[in-house]
Amino acid sequence: MIRLMIWVIWLGVGALMLAACVQPIQLTVQAERTSITFLISGDPADEDAYRTLVDAFMTANPDVQVEVINIPGQGDFSRRLAADFAASAPPDVFLINYRRYGPYVARGAIEPLDDLLARSAQISRSDFYPQALTAFTWGGQLMCLPQNMSSPVIYYNKTLFDAGNIPYPANSWTWDDFLATAQALTLDLNGDGAIDQHGFGVEPTLVRAAPFVWMNGGEIVDDPVAPTRLTLDSPESRAALAWFVALQTEHHVTPGAVAEAAESSLSRFLNGRLAMYVESRRVVPEFRRIDAFDWDVAPLPAGRRPASILHSDAFCMAAASPHKEAAWRFIEFANTRTGQTILARTGRTVPSRTELAEAPAFLDPGAKPANSRIFLDAIPTLRIFPALATWNDIEAAVNAELTQAFYGQISLDEALRAAEMRSAEFLR
Amino acid sequence: MRSRGLALPAASSQRLASVGWRRRLAIGALVWQGAAIVAAAIFLAPLIWLIVASLQPVGQPPLRMLNWFPNGIAWSNYVEVFRIAPLTTQLGNSLLVSAVGAGVTVVTASWAGFAMAQMPPVIRRWLVGLALLLMLVPSSAVWLPRYILFAAIGLLDTYVVLVAPALLGTKSLLVLMYYWTFRRISSEMFESAALDGASVGRSWWSIALPLAAPTTLAVAILAFSHYWSDFVDPLLLLKSAQRFTVAVGLRMLQQMDVTNWSLLMAAVVIMIAPVIALYLILQSSLRGGANLVQRIMRLDSKDDKITTEPASAFESES
Amino acid sequence: MLTPFLSGAIVLIALPALMTFALAFMRYDALTPPVWNGVENFTAIFQRDVFWIVVRNTLIFALSAAPLQALGALGLALLLHPQRRGAPIYRSTVYLSSVLPDVAYALIWLWLLNPLYGPVNLALAWAGLPTPAWLVDPRTALGALVLVAAVRVGEGMLLLIAARRTVPSSLFDAATIDGAGAWQSFRTITLPLLTPWLLLLLIRDLAMAVHSSFTPVYIMTGGGPGYATTLLPFLIYEAAFTHLRIGQASAMMTVMFAIVGLLVWMVSVLMRRWGVFDAL
């Protein structure tokens, strides 16, 4: 017993000394190349896509080492990023949605890219869609370089449509067509009274509901630039939200709270038990790994006026980065024709470079989804959420209520009242 | 039912002789066994279900009935999970952190406990109070300041920050365990050692520590499983994926692959296996955990000082 | 020899805790330097109805999980304390659930309580009992978390078994001769002698219930549905690390510390009356 104990102590002391020795050695090895960190959030297919990009960059720039850090899950990613900034040890480069970069940009934590872009010999402002640049412009300055021009679309399982003898969605379909289709695809296959196949799946969040509000002539906030209150309770907004919520509470074409918790809509779609699922372009690399069924994309069903929402992530550089030169070279490379082609080919992005829109890397007829052109068709209709430091908080407050309304745990009016009240302090 | 089981051992020996008592005793034992088995089964069931879940083939529709293995047993899950997640690296990292943490903890906790036991009663009382107070400080209160502190001295993303709590014995409880143990050692032994010219360090090493061997085993195992289980610290303080411990690895797996319960459960089994093994070792070497708690809490008679060989003092079953 | 312990206590616990307390009175987002703003953080958090919902959740959670844990430990200790055949195995089995790492424990229960495919509901359905949606239904979610926390009774059980064994059997013999039944001797002998230890356990469980609730909430519910399972540590973590409102997070921490301190103080007053401190 005593011998065991002494042994344990020596093991501990030895390992500690070993750890102490190993650390400095690693540092000296790394000192020869500039090492930068690149923080992303995605599934394994996503991560592979960015590793392909990073490998291409390192081959062209052997003096820079890029370490990819992938934190799956948006919540975990946000916490990690915030903690890194809090410790003044932020990633040199990170990929973030414009809806979530407000807290950092408002506090001067992100390095503006105007001058670097102006001086670049490889890329220029005119290469990119102005809408994407606008989304990442804060106080007149371009803060981050957007990689994509994505928007939500409906991914559908063609095999399930065929099995039900239901025509594929037309690019011009309406809300009513959509609901009828979803109802026809919601089935109790084994007759036990429980639905085994759902027609539709969607995250009950503001970003998913917003296109429908806009299509119906409603607004999310009273002023897109300097909002003072939510306008989700206006008749047009409310009607659109009521239609959205009724998909679950009344028509039951999406999984209910219990079914969703038991198995998420995404998982159901991947396993061939859910016919239509709303997501942006980002899931394409993962969906391309599906063997069991055939799939394609359709636009969101059309309402009274065309509208959708921009999904764009950009490469941002931390103002505190000690390796800004190397960081910029990586951002620059990622947004050259070569860099964006690599990402577009993995399926991950709708390129933000206008010249690549029609390029085979994106519109490759041999790669799914066959109907990729709808992403381009949507571009003129894309809107953005207001650029506020507190936009994150507002979305979180609204989502908490909207989710409960969607699953019938509270009424829509209760949800709207609570959302209004709880977001008020962030809109001042 | 419970109170009957409780009262039975109290039956006095003369009454045991009578036949009626013997029969009641037999029935009582049977009832007790039944109740105890039910209680144990309730606590064992989650682990059995865990293992069953981890062996379901991936990609099959989830079960809708209580049915052990309708789609066959997929032992391959335990291979597959190493392919989709860097479990080998993470297990290695956890092992390193936990071993170092446990080793350092044994030294620091026993030092602190030893020193406390040598102090005059007034200071002793203060130190016990301090240790108890430290237990009540919420860990969440120190998340952020520690993070800022470690970042300031450039230790983030190293294992040093994960094992830093070992400096104060990981948890005050472990220090107190040593303190309670050492307090029971007769001070005369140290006094005579001091007269023979032994230093404090020498007394600690060659008298106190050997006598406290069972406590050391318990402290080492508690500390090891503390670092093995630690989730919030590595989640906050580590950055590079190749340094992640298995606790954070599980969370990553949960976030990454929502569709594969069986693989996630297989990873859970792999993570908990070492902890369970260590506790079983602890249990068997101490002949029932209650015995140790009883000893260190000094619930037995007050004059039961350790003066002789540790083995006989500790391992006598009550 | 006390140096590592004392310096560790100062550097790793006392200083950070004081720093948290100081930050409660500052506007601080970690990106710009802290600015003194008096009690503004407190007024801000007190004005949020979500904060009060969370305080209520935390109190409900702690005040139901901790006593349930202590009672469960007592019941199991009374059942499993005798030196009988198989007793060590039964004790080990019960104890095992308490040594599982938090993350693993939360993931296991997330699976067990899966409303459609989880074994708990499958078993309930098989027995013809109602199948609650557990973590999904706002009415049962907090209760489910309490249940999951309350099942971890291993350490408490060991403590109480040890305490129970200190009761001299001569006391029971005397009671039996006086004609006392099992229940009566439990009430008049066992319970009074165990009460100090039960209270000690209760203190520990109260503090632990609050502090250790972070991981299960983080892994199992993320605070939802709505705010039904948002407890103070999770809210604090979110405020500090997702929203970078570190001043407000520190203010909430101060409130939480006050709540836990108050609960613990109340129990410790009882303990002093029972003379538990003499044993330490």
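All heavy atoms count here, side chains included; hydrogens, waters and symmetry mates do not. Numbered from 1 within each chain, the chains take letters A, B, ... in sequence-line order.
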Side chain from CB out, backbone as N, CA, C, O: work out which of these in Leu50(B) comes under 4.5 Å of a heavy atom of chain C, or both, or neither.
side chain
For Ala36(B) and Leu79(C), which heavy atoms make the closest approach, and how far apart are they?
CA-CD2, 4.0 Å
Residue from Tyr178(B), Tyr179(B), Trp205(B) passing side-chain contact (heavy atoms from CB on, under 4.5 Å) with Ser110(B)
Tyr178(B)
Non-hydrogen atoms of chain B under 4.5 Å away: do they reach the side chain of Met157(C), the backbone, both or neither?
neither
Please name the pair of heavy atoms, one in Pro16(C) and one in Pro145(B), separated by the smallest distance, quoted to 0.1 Å.
O-CG, 3.3 Å
For the residue pair Tyr218(C) and Phe231(B), is the inter-centroid distance of their aromatic rings smaller than 6.0 Å?
yes
Scored by heavy-atom pairs under 4.5 Å with chain B, the best of Ala9(C), Gly154(C), Ala249(C), Ser250(C) is Ala9(C)
Is chain B contacted by the side chain of Ala104(C), its backbone, both, or neither, given a heavy-atom distance below 4.5 Å?
both
Comparing Asn114(C), Val103(C), Leu80(C) against chain B, the one with the most heavy-atom pairs below 4.5 Å turns out to be Val103(C)
Non-hydrogen atoms of chain B under 4.5 Å away: do they reach the side chain of Ile89(C), the backbone, both or neither?
neither
For the aromatic rings, using the six-membered ring if either is Trp, is the centroid distance between Trp111(B) and Phe5(C) under 6.0 Å?
no
Under 4.5 Å to a heavy atom of chain B? For Ser97(C) that would be side chain
Which atoms form the tightest heavy-atom contact between Phe214(C) and Val232(B), and what is the distance?
CD2-CG2, 3.6 Å
Sidechain N-carboxylate O distance under 4.0 Å for Arg152(C), Asp102(C)
yes
If you count heavy-atom pairs within less than 4.5 Å of chain B, which of Leu206(C), Leu110(C), Leu23(C) leads?
Leu110(C)
Residue Ala14(C) versus chain B: region with a heavy atom under 4.5 Å:
neither
Let's test your reading of the structure: which of Leu168(B), Leu280(B), Ile272(B) forms the most heavy-atom pairs below 4.5 Å with chain C?
Leu168(B)
Could you tell me which of Ala267(B), Ala112(B), Ser225(B), Ala166(B) has the largest number of non-hydrogen atom pairs under 4.5 Å with chain C?
Ala112(B)
Determine the minimum heavy-atom distance between Leu278(B) and Ile221(B), stating which atoms define it.
O-CD1, 3.5 Å
Answer yes if the ring centres of Tyr95(C) and Tyr279(B) are under 6.0 angstrom apart, and no otherwise.
yes
Below 4.5 Å from any heavy atom of chain C, which atoms of Ile37(B) appear? Answer side chain, backbone, both or neither.
both
Name the residue from Val151(C), Leu76(C), Leu158(C) that meets the side-chain contact (heavy atoms from CB on, under 4.5 Å) definition with Val94(C).
Leu76(C)
Under 4.5 Å from any heavy atom of chain B, what part of Leu12(C) do you find: side chain, backbone, both or neither?
both
Is chain B contacted by the side chain of Tyr28(C), its backbone, both, or neither, given a heavy-atom distance below 4.5 Å?
side chain
Name the region of Phe257(C), side chain, backbone, both or neither, that has any atom closer than 4.5 Å to a heavy atom of chain B.
side chain
Need one label for Leu96(C): side chain, backbone, both or neither, based on atoms under 4.5 Å from any heavy atom in chain B.
side chain
Heavy-atom distance under 4.5 Å to chain B: side chain of Val210(C), backbone, both or neither?
neither
As an exercise: rank Asn121(C), Leu15(C), Leu18(C), Ile13(C) by heavy-atom pairs under 4.5 Å with chain B and give me the winner.
Ile13(C)
Check: Ile246(C) and Asp29(C) side chains under 4.5 Å, non-hydrogen atoms:
no
